[in-house]
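The next block holds one structure in the form of structure tokens; read it before the comments.
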Protein chains: 2
Amino acid sequence: MTNAHDEIFRTLADPTRRAIFERLCREGEKTVAALTAKAGVSQPVVSKHLAALKRAGLVRDRHQGRQTHYSAEFGALAPLVDWANEMTSFWEKKFDALEDLLKRMDQ
Amino acid sequence: MTNAHDEIFRTLADPTRRAIFERLCREGEKTVAALTAKAGVSQPVVSKHLAALKRAGLVRDRHQGRQTHYSAEFGALAPLVDWANEMTSFWEKKFDALEDLLKRMDQ
DNA sequence: CTCATTCATAGCTCACCAGCTATACGCCAA
DNA sequence: TTGGCGTATAGCTGGTGAGCTATGAATGAG
């Protein structure tokens with residue numbers, strides 16, 4: 001398999017989309033109109049980005065009358081953090097191995 | 001400004017490129033030829049991806065004779081982790097606020 | 001019912017980029 | 001120097017996707 005992280009990375013790679021996600025994280029639930037007001041792009045584009053974020057599991061939507069409220073999905077970034085920590089841990093293991101080697105050379 | 005995270009996200013969004021970075025993290029320093037052998041794409045493509053990773057500060061290169069050795073750059077993922085933790089912290093603050101609200105309602 | 005409002009979808013265009021092949025560049029060996 | 005090897009660059013092509021406008025669908029107001 002290509003990693004499950006694939007969709008998360010690809011979804012967050014677009015600046016406009018990531019900015020929308022950031023706003024939802026910082027300011028909580030927002031309607032499409034509210035997001036569009038400061039997104040710098042047209043409403044259909046915002047809707048498209050929100051659909052992409054939803055597909056990636058990064059946001060959830062709640063319908064109320066004519067409006068759709070979007071909010072950030074808690075824990076959605078966990079896989080990303082886990083992956084980054086895993087990558088970093090490999091470096092640390094290498095440094096540990098180097099340390100061991102140096103210790104053995106000291107003896 | 002568009003965030004500094006922009007280049008990191010964009011660079012890691014491509015599966016082939018991210019796979020190359022992962023290998024460098026897991027297995028340490030590798031030559032272009034060694035990376036190409038298992039990358040599933042041609043050597044020029046691998047070189048191009050490595051150049052992109054270098055531009056993003058994710059890898060470093062070391063020239064030795066005809067070969068170029070690439071390795072993952074320690075700490076390169078820190079901004080990404082910081083960003084994710086920041087986003088997550090907003091959720092937690094909201095939960096704290098909700099807790100406070102519920103406490104006040106109890107009184 | 002009729003109209004306005006809010007959002008989603010359709011359909012298009014344009015720019016970007018991942019992939020390729022061909023080739024240039026740099027370095028070692030003979 | 002000549003040739004072969006490892007890597008980088010040039011130049012092209014196809015596919016993907018972000019943006020737009022126009023329009024459809026659903027709901028609330030009057």
Side-chain angles (χ1 to χ4, degrees), chain A residues 1-3 5-24 27-73, chain B residues 1-3 5-24 27-73:
Chain A
M1 65 165 185
T2 315
N3 278 339
H5 315 112
D6 204 272
E7 198 171 24
I8 294 185
F9 272 115
R10 193 163 35 77
T11 303
L12 292 175
D14 181 77
T16 304
R17 194 158 47 221
R18 194 171 64 256
I20 291 173
F21 177 69
E22 265 197 58
R23 268 196 79 200
L24 289 176
E27 306 174 18
E29 197 181 65
K30 291 253 176 289
T31 66
V32 176
L35 290 168
T36 301
K38 298 189 177 180
V41 291
S42 67
Q43 172 268 313
V45 168
V46 172
S47 281
K48 212 170 175 183
H49 282 311
L50 288 168
L53 288 166
K54 189 181 170 190
R55 252 181 282 120
L58 290 163
V59 302
R60 42 183 301 112
D61 57 348
R62 179 176 69 82
H63 297 279
Q64 175 188 348
R66 288 178 287 193
Q67 319 197 49
T68 310
H69 299 260
Y70 284 88
S71 54
E73 185 78 51
Chain B
M1 66 167 185
T2 315
N3 278 339
H5 315 112
D6 203 272
E7 198 171 24
I8 294 186
F9 271 115
R10 195 163 35 77
T11 303
L12 291 176
D14 180 77
T16 304
R17 193 157 47 220
R18 195 171 64 256
I20 291 174
F21 177 69
E22 265 198 57
R23 269 195 80 199
L24 290 176
E27 307 174 17
E29 197 181 65
K30 291 252 176 290
T31 66
V32 176
L35 290 168
T36 301
K38 298 189 178 181
V41 291
S42 67
Q43 172 268 314
V45 169
V46 172
S47 280
K48 213 170 173 183
H49 282 310
L50 287 168
L53 288 166
K54 189 180 170 190
R55 252 181 282 121
L58 290 164
V59 302
R60 44 183 299 113
D61 58 348
R62 179 175 69 82
H63 298 278
Q64 175 189 350
R66 288 177 287 193
Q67 320 197 47
T68 310
H69 298 260
Y70 282 89
S71 53
E73 185 78 51

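Throughout, protein chains are lettered first and strands after them, A, B, ... in sequence-line order, and every chain is numbered starting at 1.
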d([atom1], [X]; [atom2], [N]) in whole Å:
X: A:Gln43; N: D:dT23; atom1: CD; atom2: P; result: 15 Å
X: B:Gln67; N: C:dC25; atom1: CD; atom2: C1'; result: 16 Å
X: A:Leu50; N: C:dT9; atom1: CG; atom2: P; result: 11 Å
X: A:Arg55; N: D:dA18; atom1: CZ; atom2: C1'; result: 13 Å
X: A:Asp14; N: C:dA15; atom1: CG; atom2: P; result: 17 Å
X: B:Arg62; N: D:dG6; atom1: CZ; atom2: P; result: 16 Å
X: B:Phe9; N: D:dG17; atom1: CZ; atom2: P; result: 18 Å
X: B:Ile20; N: D:dT7; atom1: CD1; atom2: C1'; result: 14 Å

Has [X] got a side-chain N or O lying under 4.0 Å from the OP1 or OP2 atom of [N]?
X: B:His63; N: D:dG6; answer: no
X: A:Tyr70; N: C:dT6; answer: no
X: B:Thr16; N: C:dG19; answer: yes

**OP:** Please list residues of residues 32-42 of chain A whose heavy atoms come under 4.0 Å from any atom in DNA chain C, ordered by number; otherwise none.
**Re:**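 Close to the strand are A:Val32, A:Ala33.
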
**OP:** Go through the structure and list residues passing side-chain hydrogen bond (donor to acceptor under 3.5 Å, both in side chains) with B:Glu29, not counting sequence neighbours.
**Re:**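 B:Glu29 satisfies side-chain hydrogen bond (donor to acceptor under 3.5 Å, both in side chains) with B:Arg62 only.
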
Original post:
Are any side-chain N or O atoms of A:Arg17 and backbone N or O atoms of A:Thr11, one a donor and one an acceptor, separated by less than 3.5 Å?
Top reply: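 Side chain of A:Arg17 to backbone of A:Thr11, a donor-acceptor pair under 3.5 Å: yes, one is there.
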
Original post:
Is there a donor-acceptor contact under 3.5 Å from the side chain of A:Arg18 to the main chain of A:Leu12?
Top reply: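 Between the backbone of A:Leu12 and the side chain of A:Arg18 there is a qualifying donor-acceptor contact (under 3.5 Å).
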
Original post:
Which value, rounded to the nearest 0.5 Å, describes the distance between A:Leu58 atom CG and A:Phe21 atom CZ?
Top reply: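 CZ of A:Phe21 is found 5.0 Å from CG of A:Leu58.
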
Taking the side chain of [X] as heavy atoms from C-beta outward, which of [options] is closest to it?
X: B:Thr31; options: D:dG19, C:dC7, D:dT7; answer: D:dT7
X: B:Lys48; options: D:dA18, C:dA18, C:dC7; answer: C:dA18
X: A:Pro44; options: C:dA22, C:dA8, C:dA18; answer: C:dA8
X: A:Ser47; options: D:dA18, C:dA8, D:dG6; answer: C:dA8

Heavy-atom closest pair, residues [X] and [Y]:
X: A:Val32; Y: A:Ser47; value: CG1-OG, 3.9 Å
X: A:Val46; Y: A:Ala39; value: CG2-CB, 3.9 Å
X: A:Thr36; Y: A:Ser42; value: CG2-C, 4.2 Å

Subject >> Upstream residue (5' side of DNA chain D) when A:Arg17 and A:Gln64 are each assigned their closest nucleotide >> reply: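 The residue closer to the strand's 5' end, by nearest nucleotide, is A:Arg17.
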
Subject >> 5′-ward residue of the pair B:Asp61/A:His49 relative to DNA chain D >> reply: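 Nearer the 5' end of the strand: B:Asp61.
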
**OP:** Look at atom CZ of B:Arg23 and say whether more than 12 heavy atoms of other residues, nucleotides or ligands are closer to it than 6.0 Å.
**Re:**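 Check passes, neighbour count above 12.
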
**OP:** Would you kindly check whether a donor in the side chain of A:Arg66 faces an acceptor in the base of C:dT5, or vice versa, at under 3.5 angstrom?
**Re:**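 Indeed there is one.
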
